[in-house]
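First comes the structure, then the notes that go with it.
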Amino acid sequence: MSFSSIYRTHHCNELGSEHLGQSVRLSGWVNSSRNLGGLIFIDLRDREGITQLFIDPELSPELAAKAKEIREEWVLAVAGTVRARPPEMINSSRKTGAIELELTELEILNRAKAMPYHLEDPSSSEDLRLKYRYLDMRRSGLLDNLRLRHKVSKIIRDVFDANGFIEVETPILSKSTPEGARDYLVPSRVHPGCFYALPQAPQQYKQLLMVGGAEKYFQIARCFRDEDLRADRQPEFTQVDLEMSFVEQDQIIDIVEQLLSAVMENVLNIEVPRPFRRMTWKEAMCKYGSDKPDLRFALELQDISDIFKHSQFKAFSSALEQGGVIMALKAEGQAQNCSRKMLDQFTETARLYGAKGLVWLKVEVDMSLSGSAAKFIGDEERAELLRQLQANGGDLILIVADTWKVACESLGRVRIQLAEFAGLIREKEFNFLWVTEFPLLEWDEDNQRFAAVHHPFTSPMDEDRQLLQSKPGEVRAKAYDIVLNGVELGGGSIRIHNPELQAQMFNCLGISDQEAQLLFGHILEAFSFGAPPHGGLAIGLDRLVMLLSGAKSIRDVIAFPKTTKASCLMSNSPSVVNPTQLAELGLRLATPAQNPEDS
RNA sequence: GGGGUUGUAGCGCAAUUGGUUAGAGCAUCGCCCUGUCACGGCGAAGGUUGCGGGUUCGAGUCCCGUCAAUCCCGCCA
């Protein structure tokens, strides 16, 4: 790679003892300057590193005069001679620390105002850093994350290419569909009253590419969802999207494992054992209380309903009477470590996720039980509980009695909190996991109908097809998620390519033939012209890079992210627009505009 | 839509729990300094305590509302 131009012959992390005596040119920003009166030092920084510049005012008074006014972050082009530092002045913490550049020329390419905040201060508030994102990039390590992201994208493209995939761009101006997330809408000028939607995912296009015979498609695709944000959710984000024809689940899984292991090997130099572990959704929920379990620590939930079939304890008996379950989590040796305050926090977590409460029991040295509900537990129940959980003195037992879903999920959250508290998580591990056999449909209480867990084109498992009419809630889907360290990295499914099955699916979802035609007519028509069996998957690129870089938020791996209120502090978007723009689009505001800038 | 945290000088923080003129550091500006590397020394300037109400003789501090950032719940096929 050549850096050579009229501005520089080398970059700022390049010069060393082997360049002694050479005349070179450098350009960059002033990282810091130290004027000692009789000597002037300037640390010049470019994206590669820092080189110390040196001026002796006695030898070059005109350079010294210029250097005197130089401030942080000014842009300089300099020329000089590489010379060795005195041995005791070598800075071993810097690659270029053995040398310095004795200047013969100094050009100020640009001045800079005083920085709005200390660029290297990691405690700087995030809103300032977002407002001055371009300054944040200079020193905070953000640029390193963007480089890492570039590297990941590059490897992904290489692996896809080597496997015969074609990268295809699909439209950003797309069609709104009622399922799923809220759409971002774009008004059409030529069709007054009509709107495009920004894609939540390239889902339909990629299936149409399969009908078109592309067979192996991928795209690093921007997706848009107008929902409330989180540390791991931005209104626009990037998916590594893929789709293949004439395949079943195993071929999709294989290519994704190739992608991820290549990324791990090339980016972090970590070899990931393949094939990745697989687990059914049911097992994940029962054992870990999550559809994206973190397997960097053990701690499995256990169903202890049978032990308490005749329990006198009302919290247990009423849950069972209502068809619920009693789930338990045993934390080895944690009875002493967990203070009352900690147990209260666990209880709060369980409640946050819908549980009515959390029962905790400490196993004493004599194998008796103490804790909130100990007195409601009979001797026989106690013995059976300790036997099933293989509990010993000093263990802590946490119990939730509720509906199956609430009991598993709430205790699953407690499981994570407990692991963090007790330091059980193997932090350095990258634990990949496939979760398979997701349910196809989920009962939607609000709308009193079944809704697709994945999306309406997901194929049911062949052996469960006959349950579609009788027990829709029990049908499993050919759907699979890839999970890394408790984070859902991506998911996909084998799609329905058979028109009758698709009609049956719409029927289950309560979508009439007419509605289906209106919403999905184009894709249904496409499928009627000979659709190949196909399936695919999408990986959240932002989340993947976040995990690889160790960042706490996907904002740290996105060049210009938005805040939790979906605004950009740097450009002040969104903003009000000119009335003529609205008029052109045939739009009139029902509520007065509230420009975030004004408030 | 709901809950938590935070908001004091350009920046990150302090202010003895309601009591005099809101402080020191970094940055800025001026002067000094020959081996620094977050150089150092001396000096100056810098404030409507996010905003709006309220309680009080007195509010940065207590109360209510509001705005912003952030974390979480709902939501995210």
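Note on naming: letters A, B, ... go to the chains in the order of the sequence lines (proteins, then strands), and numbering restarts at 1 for each one.
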Report yes if at least one side-chain N or O of A:Y353 is closer than 4.0 Å to OP1 or OP2 of B:C73; otherwise report no. yes
Span that lies between the P atom of B:A24 and that of B:G41, in whole angstrom: 16 Å
Quick one: A:L229 CG to B:G2 P, roughly how many Å, whole number? 17 Å
Before you tell me yes or no, could you show the steps for A:D464 and A:E474 under side-chain contact (heavy atoms from CB on, under 4.5 Å), namely the whole-Å CA-CA distance, both residues' side-chain angles and the distance that decides it to 0.1 Å? CA-CA 8 Å; A:D464 289 358; A:E474 289 181 23; over 6 Å; no
Distance in angstrom units between A:I99 CD1 and B:C37 P, rounded: 18 Å
Please determine if a side-chain N or O atom of A:T564 lies less than 4.0 Å away from the OP1 or OP2 oxygen of B:U70. yes
Mate of B:C29 across any strand shown (Watson-Crick or G-U wobble, both atom pairs under 3.5 Å) is B:G43
Please state whether the base of B:C75 and the side chain of A:R233 form at least one donor-acceptor pair under 3.5 Å? yes
Taking only the side-chain nitrogens and oxygens of A:R230, find out if one of them lies under 4.0 Å from OP1 or OP2 of B:C73. yes
Nearest-nucleotide 5' precedence on RNA chain B, A:L569 against A:A451: A:L569
Do NZ/NE/NH1/NH2 and the carboxylate oxygens of A:E14 and A:R8 come within less than 4.0 Å? no
Have a look at A:P86 and say if it touches a base, only the backbone sugar-phosphate, or nothing, with a 4.0 Å heavy-atom cut-off. base
Euclidean distance, atom CG of residue A:L36 to atom C1' of B:U36 [Å, nearest integer]: 5 Å
For B:G12, the Watson-Crick or wobble counterpart (both distances under 3.5 Å): none
Polar side chain donor-acceptor pair, A:R351 to A:T349, under 3.5 angstrom: no
Which label fits B:U49, syn or anti, where anti is any glycosidic angle not within 90° of 0? anti
Begin from the C-alpha positions of A:T563 and A:E126 and carry the test side-chain contact (heavy atoms from CB on, under 4.5 Å) through to its verdict. CA-CA 10 Å; A:T563 69; A:E126 201 175 353; over 6 Å; no
Using atom P of each nucleotide, how far apart are B:C64 and B:C29 to the nearest Å? 44 Å
Using a 4.0 Å heavy-atom cut-off across all strands, classify A:E100 as base, sugar-phosphate, or nothing. base
Given the P atoms of B:C67 and B:G25, what is the spacing between them in whole Å? 38 Å
Among B:C11, B:U28, B:C71, which is the nearest nucleotide to the side chain of A:S553? B:C71
Under 4.0 angstrom, heavy atoms only, what part of the nucleic acid is A:E72 near: base, sugar-phosphate, or nothing? nothing
Is the phosphate of B:C39 approached by A:R34 (side-chain N or O, under 4.0 Å from OP1 or OP2)? yes
Round to the nearest Å and state the distance from A:I70 atom CD1 to B:U28 atom C1'. 17 Å
Counting only side-chain heavy atoms from C-beta out, which of B:C72, B:A69, B:G35 sits nearest to A:A231? B:C72
For A:I40 and B:C37, what is the distance between atoms CD1 and P respectively, to the nearest whole Å? 16 Å
Measuring from the side chain of A:Q52 (C-beta onward, heavy atoms only), which nucleotide among B:U36, B:U34, B:G1 has the closest atom? B:U36
Between C1' of B:G35 and CG of A:D43, the distance in whole Å: 13 Å
With sugar-phosphate meaning primed atoms plus P, OP1 and OP2, does A:N35 contact a base, only sugar-phosphate, or nothing at under 4.0 Å between heavy atoms? base
Map A:A452 and A:R71 onto RNA chain B by nearest heavy atom, then report which one ends up closer to the 5' terminus. A:R71
Look at all strands and tell whether A:Q203 reaches a base, only sugar-phosphate, or nothing, counting heavy atoms closer than 4.0 Å. base
Taking the minimum atom-to-atom distance to the side chain of A:L128, which one of B:U70, B:G12, B:G35 wins? B:G12
Spacing of A:K68 atom NZ relative to B:C32 atom C1', expressed in whole Å: 10 Å
Any side-chain donor near an acceptor of the partner, A:H497 and A:Q207, under 3.5 Å: no
Applying the 5.5 Å / 30° rule, does A:F41 stack onto the base of B:U36? yes
Check the side chains of A:Q219 and A:Y217 for a donor-acceptor pair under 3.5 angstrom, ignoring hydrogens and angles. yes
Separation of the C1' atoms in B:A9 and B:A22, to the nearest angstrom: 10 Å
What's the gap between B:U36 and B:G47 when it is taken at their C1' atoms, as a whole Å value? 35 Å
Once you apply a heavy-atom cut-off of 4.0 Å, does A:R83 come out as touching a base, just sugar-phosphate, or nothing? base
Pairing partner of B:A69 (Watson-Crick or G-U wobble, both distances under 3.5 Å): B:U5
When you compare B:U5 with B:C39, how far apart are their C1' atoms, in angstrom units rounded to a whole number? 38 Å
Spacing of the C1' atoms in B:G2 and B:G74 (rounded, Å): 8 Å
Exercise: do A:Q200 and A:D183 side chains pair donor with acceptor under 3.5 Å: yes
From CD1 of A:I42 over to P of B:C37, roughly how many Å is that when rounded to an integer? 16 Å
For the CG atom on A:N498, are there more than 12 heavy atoms of other groups (residues, nucleotides or ligands in this structure) within a distance under 6.0 Å? yes
Using the side-chain heavy atoms of A:T563, tell me which of these nucleotides is nearest: B:A68, B:U70, B:G35. B:U70
Is the shortest side-chain N/O distance from A:S32 to OP1 or OP2 of B:C37 below 4.0 Å? no
At less than 4.0 Å, is any side-chain N or O atom of A:S567 found next to OP1 or OP2 of B:A69? Yes or no. yes
Mark yes when over 12 heavy atoms from residues, nucleotides or ligands other than A:Q514 sit less than 6.0 Å from its CD; otherwise mark no. no
Report yes if at least one side-chain N or O of A:R555 is closer than 4.0 Å to OP1 or OP2 of B:C71; otherwise report no. yes
Which one, B:C72, B:C37, B:U70, comes nearest to the side chain of A:N91? B:C37
Could you measure between the two C1' atoms, the one in B:C75 and the one in B:G12, and give it in whole Å? 36 Å
